[in-house]
Every structure is written in structure tokens, then in C-alpha cells.
**Student:** 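Below are the C-alpha cells for one structure; questions will follow.
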Amino acid sequence: MIKRLTGGIYNWLDDRVEISVLVDFVHKQMTKPVPKHLNWMFSFGTVTLVFFASQFVSGLLLMIYYEASAATAYDSVKFIMEEVRFGWLIRQVHSYGANFMIAFLLLHSLRVFFYGGYKKPREVTWLFGFGLLGVTMSFGFTGYLLPWDQLSYWGTTVGTEIAGSTPFIGKYLLIVLRGGETISDVTLTRFFAAHVIVLPWVFAMLVGAHLFLIRYKGISTLDRTDVPEKTSEELLKDGGYPFYPKHVLKEAIVVLLVLASMILLIVYYPLPLHEKADPFNTPAGVKPEWYFLSMYQALKYMPKMIGIIGSGLVILALCLLPFLDRTPERRPSKRPWAVSLGILFIVVNLALSLLAKVAESEYTIGGTRYHFDTYGWPHVIASPAEDTITEAPESVDETEAEE
Ligand code: HEM
């Protein structure tokens, strides 16, 4: 088909650089069978990949006008948003894209967890994936500082402080991250270098290895790990089907729906650029990005040292999951313990994030005004009779003190 379409050019190239080897390889990959149980949740990895591609392109475009120094960063982002043609769109695509990429990365990891996709013989695929999680979080962390507004400046101050409480090496880690005692021009320069050079290269290598292993090993079936993996012929006999076109179509639909929702959010709820960073004015209720909130909040309930060691152990356990959980079952219905633990993990993280979100803010709930302290516990500050603010007795009102 391809040969007929491209005709002469194909033959000319094939005579010289044997392009047919590449075409046959791609064809083989596209038609490789996938197991029959694949549903739309198996598209989350591809959605993450599409967001990375979008981040790469929008990031390159932003670099045309962005100037990475404390004196110019904020104004250059403002210029991109207000003066450059379609600059606002590119910045929104990049800022929203970062959040979407992390959200789908977490969903993808959960999908792999619940379907036992990390089990033998895909342990190494999981390890490369875990590396990608770390690199993607680091993209978020370093990128957050770049606009140099109040939120990014103070959010990074809090984030680096957490890293600084790591036992034994914390003091040095803090200096390495900040390039000094406080967040400064030096911090911005090293975060920028990490964001646009170091992390993209590491990401490219890890994602290459991850995708290679996925294609090489194929997506896992729901069979136990103590029976041999199915060959392509066995997969087809068992109801599996070629990757292209059915699964590609399913993935394309999910990707398009997700991109469409992002465009809607960009149009109706564009992300703001806050006031320019002011190192001498700490705004109230500084918090890190949503994906760090649960850890940030958890650290408040225990001595810092114990919290950091505890979080480190949880992260290590997740990284080594394929070696800790060596049970042969993959079917979620036959792994009640693993599934319950997974659900508990999600609930605890959501609860901690919610507590972090309401902490150090005021809300009116059912006509009563509450102040939520740093732990997220509510304290009544005015009864409805005394309160002149007469919102309808709805669930939760968005009047945050910090805004
Ligand atoms: C930017 C990051 C990532 C990208 C682009 C990516 C991409 C993909 C894709 C396209 C697949 C095949 C389809 C699917 O299952 O969705 C996949 C499978 C897989 N991913 Fe990822 N992934 C990423 C991060 C992760 C992370 C964080 C983990 C776990 C910690 C992980 C573990 C796995 C495993 C074990 C499989 C094989 C699952 C199976 O065969 O059932 N990946 N990944």
C-alpha cells in the first residue's frame, strides 16, 4: 500500500538507504496483536505521551520570547501573554498541559497497578516508568518557578524547604537546589537549565526504553504469571486483535476528547499570571502544586524527620512494587488485598490533598464561617447571626482568604 502510494520516491530511497527495513518494522509493530481485554483505560499511557509531545512543541515556542533571569522572566511571560500573537494560547497549552500530563501519568500508573501490569516479566518496564514519574514531577517542579510570580516563587521556597529537611543530606540538597540560601537568580538559571535541557534528555532516554519494552513484551494479558506468556498467534486465537486499527482508533478518540476538554478549560478558565515575585512579601497560604499537596500535608502531622523518612520509604516501596508483590494473579477480582490497598492509597491521598487545599483558608459552609487551620481542622469564626456575609447555605464556598 505504502509502496504503491509513494512509488518512485520509495524505490529510489530503498535502493540507497533500504527504507523497506524501517517500513516493514513499523508495519509489524502496528499489526502486532493486543489482548482482548484492552479498554479505554489502556490509552492513558498514550495520552501522557501525546501531552509530552505537546509540552515539547509549546515549550520550544515559549523559549523564543522567554528570558530566564530574575529581572526579566516575569515581564517576558507577561509579554508572551499580552503582546505576542497567540502567545496566550501557547502559554495556556503549556501550563494546562503540564497538569494534564501529570494527571494522566498518575491514572496510567494506577491502571498498571490495578491490572497487575507490573508483574513478571514487566518489572523493568515498571522501573523505567517509575523513573519517568520522577522526571515528570521534576518537570512540574522546575517549570513552576519559571514565570517568577509570587505563587511560583513562594511555592518553590516551600518545596525546596521540604527537600531541605531530608535527613543527613538535606542541608546540601537545599543549597544545590537553590544555588544559595534563598531562591534567587541562580535558582532560576539552574531550574531553567534542568527544565529545558537535562530533563528532556533523560525523559527521552527513559521513554524510549519504556516504549521499546512495551512493544517487545506486548501489553500484559490477565493470565497468571506462572503460565507462559501468549505468543501473537495464541493472542489472536484467544480473541485478541491487531493493534492497528481498532486499538489505535480507541486511543485516538480518548486523546481527542482529552485535548478538547483542555481547550475548553483554556478558553473558559485560563490560568492566571499572578503578581511579580517579591522576596520580601510572603503571601498568605502558600502551597505547592496539587500533585505535591498530599505529601506536603502529611508532613505537617508528624515530626519532619519521621515524615520525610516515611515518605521516602513509601516511594521506595512503590518503586520496588514488582519485587515486593510476587503473587501470580493479575485479575483485579482475584487480588482483593492489592485492590483494597490501592483504593485506600487513592482515598488517603485525596483526603490529604483536600485538607491541604482548605488549610489556612476561610470558607462558609451551611451559613457558618469557618477558618481552617494549617492542619485543615475547621474553627467557627462567626455564627450566621453575627456574620454579615449571607451566602446561600450551600456546600462549600470558594471564598479563600488568600485570594
Ligand atoms: C511519561 C510517562 C509514561 C509514558 C509516556 C508511558 C507510556 C506507556 C504506554 C503507551 C504503555 C502501553 C499502553 C498503556 O498501558 O497505557 C505503557 C505501559 C506500561 N507502563 Fe507506562 N508510561 C509512562 C509512565 C509510566 C509509569 C510512571 C509507570 C509505573 C510506575 C509505568 C509503567 C508501565 C507498565 C508496567 C506498562 C506495561 C503494562 C502492561 O503490559 O500491562 N509507565 N506505558
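As the structure lists them, so they are numbered: ligands from 1, and atoms in each ligand from 1. Model, not experiment: these values are computed from the prediction.
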**Student:** Specify the protein heavy atom at minimum distance from atom 12 (C) of ligand 1: its residue, its atom name, and the distance to 0.1 Å.
**Tutor:**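 The protein heavy atom lying closest is Ile219 CD1, 3.4 Å.
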**Student:** Could you tell me which atoms of ligand 1, counted from 1 in the order shown, lie closer than 4.0 angstrom to a heavy atom of Leu49?
**Tutor:** 5 (C)
**Student:** What are the atoms of ligand 1, with element, lying closer than 4.0 Å to any heavy atom of Thr46?
**Tutor:** 10 (C)
**Student:** Centre-to-centre under 6.0 Å for His195 and Phe139, is that the case here?
**Tutor:**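 Centroid separation for His195 and Phe139: below 6.0 Å.
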**Student:** With a cut-off of 2.8 Å, how many protein N, O or S atoms neighbour atom 21 (Fe) of ligand 1?
**Tutor:** 2
**Student:** Centroid separation under 6.0 Å, is that true for the rings of Phe141 and Phe191?
**Tutor:** yes
**Student:** Can a non-hydrogen atom of Phe130 be found less than 4.0 Å from any atom of ligand 1?
**Tutor:** yes
**Student:** What residue and atom, counting heavy atoms only, is the protein's closest point to atom 24 (C) of ligand 1, and at what distance?
**Tutor:** Leu105 CD1, 3.3 Å
**Student:** Could you tell me which non-hydrogen atom of Lys357 sits nearest to which non-hydrogen atom of Lys287, and how far apart they are?
**Tutor:** O-NZ, 2.8 Å
**Student:** Which heavy atom of the protein is the closest neighbour of atom 1 (C) of ligand 1, given with residue, atom name and distance?
**Tutor:** Phe203 CZ, 3.3 Å
**Student:** Counting only heavy atoms not in Tyr65, do more than 12 fall under 6.0 Å of its OH?
**Tutor:**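 Counting other residues, nucleotides and ligands, OH of Tyr65 stays at 12 neighbours or fewer.
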**Student:** Just distance, no hydrogens or angles: give the donor-acceptor pairs under 3.5 Å from side chains in residues 200-216, sequence neighbours left out.
**Tutor:**
| residue | atom | partner | partner atom | Å |
| --- | --- | --- | --- | --- |
| His210 | ND1 | Thr125 | O | 3.0 |
| Arg215 | NE | Gln29 | OE1 | 3.2 |
| Arg215 | NH2 | Gln29 | O | 2.3 |

**Student:** Quick check: Phe113 with Phe345 (ring centres under 6.0 Å apart)?
**Tutor:**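 Not close enough - the centres of the two rings lie 6.0 Å or further apart.
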**Student:** Under 4.0 Å from a heavy atom of Arg122: which atoms of ligand 1 are those, numbered in the order shown and with their elements?
**Tutor:**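 Listed by number with element: 39 (C), 40 (O).
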**Student:** Would you call Trp126 a ligand 1 contact, heavy-atom distance under 4.0 Å?
**Tutor:**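 Within the 4.0 Å threshold, so yes.
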**Student:** Once side chain to side chain donor-acceptor pair (under 3.5 Å) is applied, do any residues pair with Lys32, and if so which ones, sequence neighbours excluded?
**Tutor:**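 Side chain to side chain donor-acceptor pair (under 3.5 Å) list for Lys32, sorted by chain: empty.
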**Student:** Can you name the closest pair of heavy atoms from Glu229 and Pro121 and give their distance?
**Tutor:** OE2-CD, 3.3 Å
**Student:** Can you confirm if the aromatic rings of Tyr370 and Tyr363 lie within a centre distance of less than 6.0 Å?
**Tutor:** no
**Student:** For the atom pair OG1 (Thr160) and CG (Leu177), what is the distance rounded to the nearest 0.5 Å?
**Tutor:**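 One gets 6.5 Å once the value is rounded to the nearest 0.5 Å.
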**Student:** Could you list the atoms of ligand 1 found under 4.0 angstrom from a heavy atom of Leu133?
**Tutor:**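 Selected atoms, number and element: 27 (C).
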**Student:** Any idea which protein heavy atom is nearest atom 14 (C) of ligand 1, and the distance to it?
**Tutor:**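 Result: Phe42 O, 3.4 Å.
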**Student:** Against ligand 1, does Arg111 come closer than 4.0 Å with any heavy atom?
**Tutor:** yes
**Student:** What's the shortest distance from atom 40 (O) of ligand 1 to any protein heavy atom, and which residue and atom give it?
**Tutor:** Ser220 N, 2.9 Å
**Student:** So, Gln92 versus Trp88: side-chain donor-acceptor pair below 3.5 Å or not?
**Tutor:** no
**Student:** With sequence neighbours left out, what residues match Arg111 under side chain to side chain donor-acceptor pair (under 3.5 Å)?
**Tutor:** none
